[in-house]
Every structure is written in structure tokens, then in C-alpha cells.
Number of protein chains: 2
Amino acid sequence: MSDMPRVAAVAALLGDPARANIMNALLDGRALMAKELAFAARVSPQTTSGHLAKLTQAALLTVEQQGRHRYFRLASPLVGQMLESIMAVAGAETPRTATSWKGGEPLRNARTCYDHLAGRLGVALADALTQRGYIALSPDGGEVTEAGHAFLRDFGAEPGLGKRVFCRPCLDWSERRPHIAGRLGAALACRCFDLGWVARLRDTRAVAITPIGRTGFAARFGVTLSG
Amino acid sequence: MSDMPRVAAVAALLGDPARANIMNALLDGRALMAKELAFAARVSPQTTSGHLAKLTQAALLTVEQQGRHRYFRLASPLVGQMLESIMAVAGAETPRTATSWKGGEPLRNARTCYDHLAGRLGVALADALTQRGYIALSPDGGEVTEAGHAFLRDFGAEPGLGKRVFCRPCLDWSERRPHIAGRLGAALACRCFDLGWVARLRDTRAVAITPIGRTGFAARFGVTLSG
DNA sequence: GCGATGGTTCGGTCTCCACCGAACTGTCAT
DNA sequence: ATGACAGTTCGGTGGAGACCGAACCATCGC
């Protein structure tokens with residue numbers, strides 16, 4: 001009984017329709033801007049701002065400033081599971097969602113996340129590069145080692161210059177572990193598309209790993225995917 | 001977004017500290033009286049009454065009238081899971097609970113529920129008696145057949161007379177299937193204790209199945225438990 | 001019958017909070 | 001610089017609801 005106040009506080013946050021709509025809009029793991037969430041919540045931007053402040057304060061959401069935009073996303077997979085379990089009790093239809101979407105198998109296997117690779121493939125690449133000592137991911141950024149730069153140059157995926165962050169871990173909503181975002185992630189993805197290792201599928205963010213890609217990922221990264 | 005109002009309504013119910021305390025008190029699957037819940041919630045009985053009405057109205061709790069008492073319990077295992085997932089996010093210590101209590105293995109195996117047997121043993125006994133055509137359980141009561149009376153007489157567990165309900169299914173919170181309550185359940189449990197088939201453990205409602213009991217349950221009921 | 005006890009309903013108070021209009025800060029573009 | 005846009009802070013309003021005192025209904029025990 002001692003720490004029930006804490007769960008009541010969390011539940012109360014979800015107990016407001018506007019905030020519930022916000023959480024629902026984020027349930028698929030995307031990161032959305034405050035304005036989009038205001039639209040989803042069907043309340044004014046000012047009100048939304050207050051809601052978002054409370055939700056991030058309570059660590060249900062995380063923010064990511066990017067220029068004049070602020071991107072909000074679910075703080076952890078636990079939060080998504082919580083929402084789903086409440087939906088189950090509320091008798092709501094569980095929409096396409098991170099953990100429980102039967103038709104999402106291709107998406108979980110490999111997909112694009114903005115302009116970089118995600119899903120099992122994205123996480124596997126991040127793991128491979130980390131394990132070989134090419135990159136070092138930390139919560140607030142990522143470093144590329146000397147050997148890593150050589151490897152990337154050789155692979156043909158050297159990121160260009162730009163003011164965008166160079167390398168950043170991005171929490172993968174289906175795998176719940178980080179994959180590589182930033183200029184490096186974009187360069188890697190771009191090179192994989194150029195090599196014909198992966199191919200976009202129609203009307204979806206899922207990507208297919210081609211036969212050539214299968215051997216290529218295995219040879220260059222030691223990555224083999226069952227799917 | 002369409003059915004988010006429903007989840008907001010559920011969450012709002014849990015968002016009140018008093019109601020959260022009530023739910024927490026019921027989290028272990030027991031059925032408690034309104035007055036006990038008022039104490040747990042730390043509010044007056046009148047206020048508690050209102051809360052309980054709302055919670056049952058929303059199908060988070062079920063009531064069971066018994067004389068002038070009303071016993072409340074969680075409406076379904078889904079509700080318990082929901083509470084636990086919220087606790088996980090809220091960072092609260094998860095107390096002994098139905099689905100996720102590592103130390104509860106003995107309790108899940110065999111325990112007393114008021115004065116009758118529950119857990120895997122209790123459910124197995126109910127199944128055995130049902131399958132052999134000795135009893136027939138229905139949601140609102142239970143019947144004992146001719147053969148069943150003979151069996152019980154032979155076993156030495158014929159229930160005495162009394163105004164208490166004779167035979168009633170009682171939803172087992174760990175097995176999520178009914179075991180036998182009522183005078184019949186009490187008589188069965190009493191006989192099992194007398195025969196030395198089961199023994200109470202200190203400071204807990206868990207009971208141990210003795211070696212004699214193991215062979216006895218197998219011989220008379222065809223019941224064998226792995227634990 | 002009687003009082004005692006568990007539980008509910010009613011009425012009124014009081015606090016909390018979602019909401020928006022208006023004004024403000026900061027970033028991007030030209 | 002200037003305007004456009006994203007987002008926040010502030011102040012005030014209105015409604016929802018948690019709470020309890022008091023009265024009421026039902027059941028139990030004698």
C-alpha cells in the first residue's frame with residue numbers, strides 16, 4: 001500500500017482523454033512533434049504543451065530537441081506494454097503496435113526508421129559494428145574508432161559532413177535495443193540500398209533483404225538473419 | 001484514437017489514490033469486504049462504497065453477496081496484469097501477487113482458500129471429481145450426483161448440514177480455473193488434513209502434500225502433481 | 001420484536017485540473 | 001532585420017469529482 005500513490009499518479013496521467021490520445025498516437029514507437037500530438041489529442045497546443053510536460057516529467061515520454069522541433073516518444077517498452085494491458089481491460093481494439101502486431105513480421109525484421117535501418121537488421125548491424133570495435137555507442141551519442149573509419153571507407157559508407165548529429169543510438173521499438181541513427185546510420189543505409197542488399201517494399205517502411213544482401217551482410221558484418 | 005476514451009476511463013479509475021489502494025489490496029486474488037477495503041483505502045465507508053460501485057460498474061471488480069456482506073475481488077486476471085504493468089512503470093515494488101511472485105511456487109501448488117483447498121491441487125481435485133461424474137459445477141452452484149455421494153461417504157468426507165452453501169465453484173487466482181468451495185470443499189479439505197495427506201506450513205496459507213498424500217491422491221482421485 | 005452491524009444514498013463543500021486567450025521565447029528562412 | 005512558425009508560460013474560468021456527515025435500508029443475533 002505504501003507505493004500505491006505512485007501508481008495512482010501514473011494512472012491519473014493516463015486517465016485524461018487528451019493524454020490518452022497522445023500516448024496512443026505514440027504507441028507504435030514513432031517520435032512525433034508537439035503539434036502533431038496536439039492534433040491527435042484534439043486540444044490546443046498550449047494545453048498539449050502542459051500535458052507533454054507532465055508526461056515527460058513522469059518519465060512516460062522522452063523528448064528529443066531537434067532545431068525548433070521537439071520530438072516525443074514513449075520512454076520505454078514498459079510504457080507500451082502498460083498501455084496495451086490497459087487496452088486489453090478496456091476492451092479496446094489493439095491497433096498496430098510495437099509488441100503485438102501479427103502482420104508486422106516483415107517490419108520487425110528490417111525496415112527504415114526515417115533514413116536509416118531498423119528492426120532486427122538494424123540492431124544486428126549496430127551489434128556487429130560495436131562488437132568489432134568499430135563504433136562505441138553511448139546513451140548520448142556514439143564514437144567511431146580509427147579502425148571503424150577505415151572499415152566504413154572501405155565499405156563505401158563514409159558519412160559526409162553536415163550539422164546533423166554524426167552518430168546516435170536510436171531505441172528500436174520492436175527489438176528494444178539501439179540501432180544506429182544520425183549521419184552514420186543514413187550513410188550505412190544509403191550504401192546498402194546502393195549495393196542492392198536491401199530493397200524498399202511498396203507502401204510500407206519494411207525493407208526486404210535481397211539474396212545478394214544476405215551473403216553481403218554475412219561476409220562484411222557477420223550478420224545472418226533467419227527471416 | 002477512436003476507443004481511447006475507454007482506456008482513459010479505466011485509467012482514471014485507477015488514478016485515484018483511494019481506488020488504487022483498493023485494487024492493490026485485492027491484487028493477491030482474495031475477496032475482501034467493503035469495510036476492509038475502506039480501511040485499506042484510508043477513506044470513510046461511504047466514500048469507499050462509491051468507489052466500489054464505480055469499479056464494479058466498469059467491470060474491474062466483481063461482487064459476491066453473502067448475507068449482509070459483499071465480497072469484492074478482481075474481475076479477471078487481465079485486471080491483475082494491468083495493475084502489475086502499471087506498477088512496473090511506476091517503479092513500485094511488485095508485492096506478492098497472483099501471476100508474478102517468484103517465491104509463491106508453494107502457494108500456487110497447494111494452499112488453503114478460507115477453509116478449502118486451492119491451487120493446483122484444489123483445481124485438480126475439482127477436475128477429477130467432475131470428470132468422474134461425481135459432481136457437476138456450474139457458475140452459480142454445484143450438484144453432487146448419486147455416485148458422488150457414495151464416493152464421498154466412502155472417502156469419509158460427507159459434508160454436514162448447515163445453512164452455508166453446499167457446493168460452489170470458486171475461481172482460483174493462480175490457476176484461473178474453479179476449485180470447490182462451500183461445505184463440500186471444507187469437508188474435503190478437512191478429511192485430507194485428517195488423513196495426513198496434506199499439512200499446513202508455518203505462517204502461510206501454503207500446504208505441503210505429504211508422501212502418503214501423494215499416493216493417496218493418485219489412488220483415490222487419479223491426481224498426480226509434479227511439484 | 002430489539003439493537004448492532006455492514007453497506008448505501010443524499011446533500012453540500014472544497015479542491016483540483018483541463019482548457020483556452022493572450023503574450024512571450026526561441027529557431028528557421030529570406 | 002523581419003516575418004513565420006514551434007512551443008511555452010501565465011491568468012482566469014468552469015466543470016468534475018473526492019470527501020464526509022447524516023439519514024436510510026438490509027441482515028444478523030438475541
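All values below come from the heavy atoms of this structure, side chains included, with hydrogens, waters and symmetry mates left out. Order of the sequence lines sets the chain letters (A, B, ...), proteins ahead of strands, with each chain counted from 1.
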Please report, rounded to the nearest Å, how far the [atom2] atom of [N] is from the [atom1] atom of [X].
X: A/Arg68; N: C/dA29; atom1: CZ; atom2: P; value: 7 Å
X: B/Ile22; N: C/dG7; atom1: CD1; atom2: P; value: 12 Å
X: B/Phe72; N: C/dG6; atom1: CZ; atom2: P; value: 14 Å
X: A/Leu32; N: D/dG7; atom1: CG; atom2: C1'; value: 16 Å
X: A/Gln57; N: D/dT8; atom1: CD; atom2: P; value: 14 Å
X: B/Phe39; N: C/dT5; atom1: CZ; atom2: C1'; value: 18 Å
X: A/Tyr71; N: D/dA6; atom1: OH; atom2: P; value: 11 Å
X: A/Leu13; N: C/dC16; atom1: CG; atom2: P; value: 16 Å

Going by the rule ring-ring contact (aromatic ring centres under 6.0 Å, His included), which residues pair with A/Tyr134 if we only count those two or more places apart in sequence or in a different chain?
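Partners of A/Tyr134 under the ring-ring contact (aromatic ring centres under 6.0 Å, His included) test: A/Phe151.
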Would one find more than 12 heavy atoms of other residues, nucleotides or ligands at under 6.0 Å from atom CZ of A/Phe155?
yes
With a cut-off of 6.0 Å (strictly less than), are more than 12 heavy atoms of other residues, nucleotides or ligands near CD of B/Gln57?
no
C/dT8 phosphate, OP1 or OP2: any side-chain N/O from B/Arg70 under 4.0 angstrom?
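Yes, such a contact exists.
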Full working for side chain to side chain contact (heavy atoms under 4.5 Å, CB included) between A/Asp16 and A/His51:
CA-CA 9 Å; A/Asp16 178 77; A/His51 288 319; 3.6 Å; yes
Please pick, from D/dA6, D/dT27, D/dT8, the nucleotide with the shortest atom-to-atom distance to any side-chain atom of A/His69.
D/dA6
First locate atom CG of A/Leu52, then atom CG of A/Leu60, and finally report the distance between them rounded to the nearest 0.5 Å.
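If I round to the nearest 0.5 Å, the distance is 11.5 Å.
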Can you tabulate the close N/O pairs, meaning under 3.5 Å, that link protein atoms to atoms of nucleotides 18-20 of chain C?
{"residue": "C/dA18", "atom": "OP1", "partner": "A/Arg19", "partner atom": "NH2", "Å": "3.1"}
{"residue": "C/dA18", "atom": "OP2", "partner": "A/Arg19", "partner atom": "NH1", "Å": "3.4"}
{"residue": "C/dA18", "atom": "OP2", "partner": "A/Lys54", "partner atom": "NZ", "Å": "2.6"}
{"residue": "C/dC19", "atom": "OP2", "partner": "A/His51", "partner atom": "NE2", "Å": "2.6"}
{"residue": "C/dC20", "atom": "OP2", "partner": "A/Ser44", "partner atom": "N", "Å": "3.0"}
{"residue": "C/dC20", "atom": "OP2", "partner": "A/Ser44", "partner atom": "OG", "Å": "3.0"}
{"residue": "C/dC20", "atom": "OP2", "partner": "A/Thr47", "partner atom": "OG1", "Å": "3.2"}

Is the shortest side-chain heavy-atom distance between A/Arg70 and A/Glu64 below 4.5 Å?
no
Heavy-atom check, side chain of B/Ser44 versus side chain of B/Thr48, under 4.5 Å:
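No. Closest side-chain heavy atoms not under 4.5 Å.
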For B/Leu52 and A/Gln65, find the nucleotide of DNA chain C closest to each by heavy atoms; which residue's nucleotide sits nearer the 5' end?
B/Leu52
